[in-house]
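Take a look at the structure below.
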Amino acid sequence: WELFTVVSGEAIFRVFNLEDPQQQVIEFTLTPWKTLLIPPKHPHEAKVKAGTILVWATENKYISPEENDILYPFPNLEQK
């Protein structure tokens, strides 16, 4: 699991739902003190507004981008 909380500013998260082909990408906008909990095996990305303070926690140890960051082909956030 991964937990994200915006302390100040704004972040737009897009979560890819591998279990429901009808609703593949779910979008969440986090504003101050809003929290998003993402389950395992749900690829996600975030567009964070400049100056935003974002707190992140995960149940797994972060080793390196090569070990932990799996790239997933999302459509560009700017185009949405």
Side-chain angles (χ1 to χ4, degrees):
W1 292 83
E2 289 185 83
L3 177 107
F4 298 90
T5 300
V6 168
V7 176
S8 66
E10 182 180 282
I12 299 170
F13 281 82
R14 293 199 312 157
V15 179
F16 195 84
N17 185 355
L18 298 172
E19 298 167 1
D20 184 357
Q22 298 300 321
Q23 190 179 22
Q24 287 192 324
V25 178
I26 305 167
E27 189 170 289
F28 301 91
T29 299
L30 296 186
T31 53
W33 301 111
K34 299 291 183 190
T35 298
L36 178 62
L37 184 62
I38 302 174
K41 298 187 180 3
H42 280 72
H44 51 278
E45 67 178 359
K47 181 177 181 187
V48 182
K49 188 181 282 187
T52 294
I53 298 174
L54 177 70
V55 177
W56 168 70
T58 181
E59 66 180 331
N60 298 321
K61 182 179 359 177
Y62 192 87
I63 298 167
S64 69
E66 295 77 25
E67 179 75 21
N68 298 92
D69 297 348
I70 300 168
L71 295 178
Y72 198 86
F74 275 95
N76 189 332
L77 265 176
E78 296 294 328
Q79 296 174 356
K80 190 153 190 208

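Interatomic distance, CD of Glu27 versus CZ of Phe13, reported as 11.5 Å (0.5 Å rounding). Taken to the nearest 0.5 Å, the NZ atom of Lys41 stands 15.5 Å off from the CZ atom of Phe16. Rounding to the nearest 0.5 Å places NE2 of His44 at 13.0 Å from CD1 of Ile26. Taking CD1 of Ile53 as the reference point, atom OG1 of Thr5 lies at 12.5 Å (rounded to 0.5 Å). Atoms CD1 and CD, on Ile12 and Glu45 in that order, are 10.5 Å from each other to the nearest 0.5 Å.
Considering every non-hydrogen atom in both Pro32 and Gly9, the closest pair reads CD-O, 3.4 Å. Considering every non-hydrogen atom in both Leu30 and Lys34, the closest pair reads CD2-CB, 3.8 Å. Here the closest heavy-atom approach between residue Glu10 and residue Val6 is recorded as N-CG1, 4.2 Å.
For the side-chain contact (heavy atoms from CB on, under 4.5 Å) criterion with Phe4, the lone passing option out of Ile38, Thr35, Leu37 is Ile38.
Every residue two or more places apart in sequence or in another chain that forms a side chain to side chain contact (heavy atoms under 4.5 Å, CB included) with Glu67 is listed here: Ile63, Ser64.
Among residue pairs with one or both ends in residues 51-62, those qualifying as side chain to side chain donor-acceptor pair (under 3.5 Å) are Glu2-Trp56, Tyr62-Asp69; sequence neighbours excluded.
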